[in-house]
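One structure is given below, encoded as structure tokens.
Just so you know, these numbers use all the heavy atoms, side chains as well, and skip hydrogens, waters and symmetry mates. By convention in this document, chain letters (A, B, ...) are assigned in the order of the sequence lines, proteins followed by strands, and residues within each chain are numbered from 1. Predicted model only: the values in this text are computed from it and were never measured.
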Amino acid sequence: MSKTITRQSEDFSRWYTDVVQKAELADYSPVKGCMVICPYGYSIWESIQRELDGRIKATGCRNAYFPLFIPESFINKEKSHLEGFSPECAVVTHAGGEELQEKLVVRPTSETIIYYMFSKWVKSYRDLPLLINQWANVVRWEMRTRLFLRTSEFLWQEGHTAHATYEEAEARTLQMLDEYASFAENFLAIPVIKGVKSDHERFAGAHRTYTIEALMRDKKCLQAGTSHNLGQNFSRPFEITFLDNEGKTQYAWQTSWGVSTRLIGALVMVHGDDRGLILPPAVAPIQVVMVPIWKNDGQKEEIIRMLGGLTTDIKNAGLRVEQDLRENVTPGFKFNDWEMRGVPLRVECGPKDLEEKTVVLCRRDTGTKEKIPLADLTGKCVELMPVIQNSLLERARLFLKENITEVNNKEELAAVLEDKGGLVSAHWCHGHSCEDIIKQETKATLRCIPCDAPTEMGSCVICGQPSEKRVLFARSY
RNA sequence: CGGGGCAUAGCGCAGCCUGGUUAGCGUGCCUGCCUUGGGAGCAGGAGGUCGAGAGUUCAAAUCUCUCUGCCCCGACCA
């Protein structure tokens, strides 16, 4: 393994792969397109899970678990769902040494199997709303894969709900979109744009798809989460019906929503720099790392004792702290190593500090080093956590803002996408052919119709037909 | 599925064109010494079906053929 990672400016894509592997987030598996999530990477996922699971439950959902295998006929029940997913499904044809009577699809998403069960569970309007979430792995046989961003198997949570009215389902769809946006911004320090997908980019089987879009440091966009209003598209084929309070049979109105391990890829690409990962304190598995420095055995003992005391203090203050007592590597190596892993704060403690009753505190996000009196260390660490968290969010917000460009014609749109990159805000007629022309000519896709876009009369940058809102286009992952 | 490339130690590579001692280098790993305030140094050591199969030859990592796998570009894509 080489000592340095590729610079972002040199090759962002290689930088990303280097960081993911060298920070030990993930590794390539022997199975094509699949990845191994390493302990450090998995602890980030656990951190995401813990927080998001709490937020989801707070909205009234309960966790459940549905099978990995779905009867092939289930996938076939909803036409656009089938068309969307069947090309990328892994299918089990044999088991127990025999050919199966009905093939089993390894879930690419669980709408069908969950709604089969919903049809058994929902009988009365009193059973609604039904609010279920599951944490699971799903499989989609992608042609081109990238660690965390698109792998054949990935981990996610998928929420599935059933409601008595369209309005309730729409409200739940938007509620979860807001939860995701709030989670991304406040926990991951990733600012996002909330919006609606075009008909073309809509989830296979959905009535309407909402998205949160984030901008990576290479100015490419990433869909960081989605929330779908499914209408009655699934409740009809799966016969999820209930008797309303007038005794009439009604089909349920449904939603589904999810975020995945892709969020880890977003964390890397939104905050990272040439030294590696930068983790916001809220999500960081290790928030403070303690590095001892010594010249001889006498000092070593004394410094380790002092470090141990400080570590306990910091831990008791509620922070996630770890000591790096490895003896076979130098302090310099450790500095670089922990910077690679994105730990927000590093405490250096050596002979000089012992003498002066201080330590050196180094911030990962700014790189600044500060000499701190021993007595002030814990307080300072606690105080810096929200400061760093906020500083990362503000930095990312500014970057996002600076990289949304309004354009008013096709030439401008192409030029901005080519030279500046980022998101372009343009008028569009809602026609699929215009969307497609832009994709063909600029490789940019329609990311979303932003929820907060003001009404503004204009004309489609391709066909010139009237438009009431600007929408966002960008090249994306 | 179309175009291009690669396959030799855990990882990254050289050797192949022009066949010929015991297949080498960097890094990582192990042991010891010495070091430690920004990726230390020295010494010793372990580690190889040279992707698989067949052929040519006295002799194949090296030449020929077949197969397999992977990577890049395109096409495709929640």
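Within residues 219-226 of chain A, the residues having any heavy atom closer than 4.0 Å to RNA chain B are, in order of number, Gln223(A), Thr226(A).
As judged by a 4.0 angstrom heavy-atom cut-off over every strand, Thr209(A) is placed among the base-contacting residues. Residue contacts shown for Lys197(A) include a base, since a base heavy atom lies under 4.0 Å away. Nucleic acid contact class of Arg140(A) (heavy atoms, under 4.0 Å, all strands): sugar-phosphate only. If you check every strand for non-hydrogen atoms under 4.0 Å, Glu88(A) touches sugar and phosphate atoms only. Lys369(A) comes within 4.0 angstrom of a nucleotide base, judged by non-hydrogen atoms across all strands. Val291(A) comes within contact range of no nucleotide atom at all, as no heavy-atom separation falls under 4.0 Å. Note on Arg346(A): a base of the nucleic acid sits closer than 4.0 angstrom, heavy atoms only. No contact: Pro87(A) has no heavy atom under 4.0 Å from any strand. At the heavy-atom level, Arg262(A) lies nowhere under 4.0 Å from the strands shown.
Each of Phe234(A), Phe74(A), Phe238(A) was evaluated against Tyr116(A); a single residue qualifies, Phe74(A), per the ring-ring contact (aromatic ring centres under 6.0 Å, His included) test.
No more than 12 heavy-atom neighbours from other residues, nucleotides or ligands sit within 6.0 angstrom of NZ on Lys103(A).
For the pair Phe203(A) CZ and rC77(B) P, the computed distance is 16 Å after rounding to whole Å.
Taking the six-membered ring where the residue is Trp, the centroids of Trp156(A) and Trp45(A) are separated by 6.0 Å or more. Taking the six-membered ring for Trp, His160(A) and Tyr115(A) have ring centres closer than 6.0 Å.
Nucleotide rC25(B) forms a pair with rG12(B), judged by Watson-Crick or G-U wobble geometry with both contacts under 3.5 Å.
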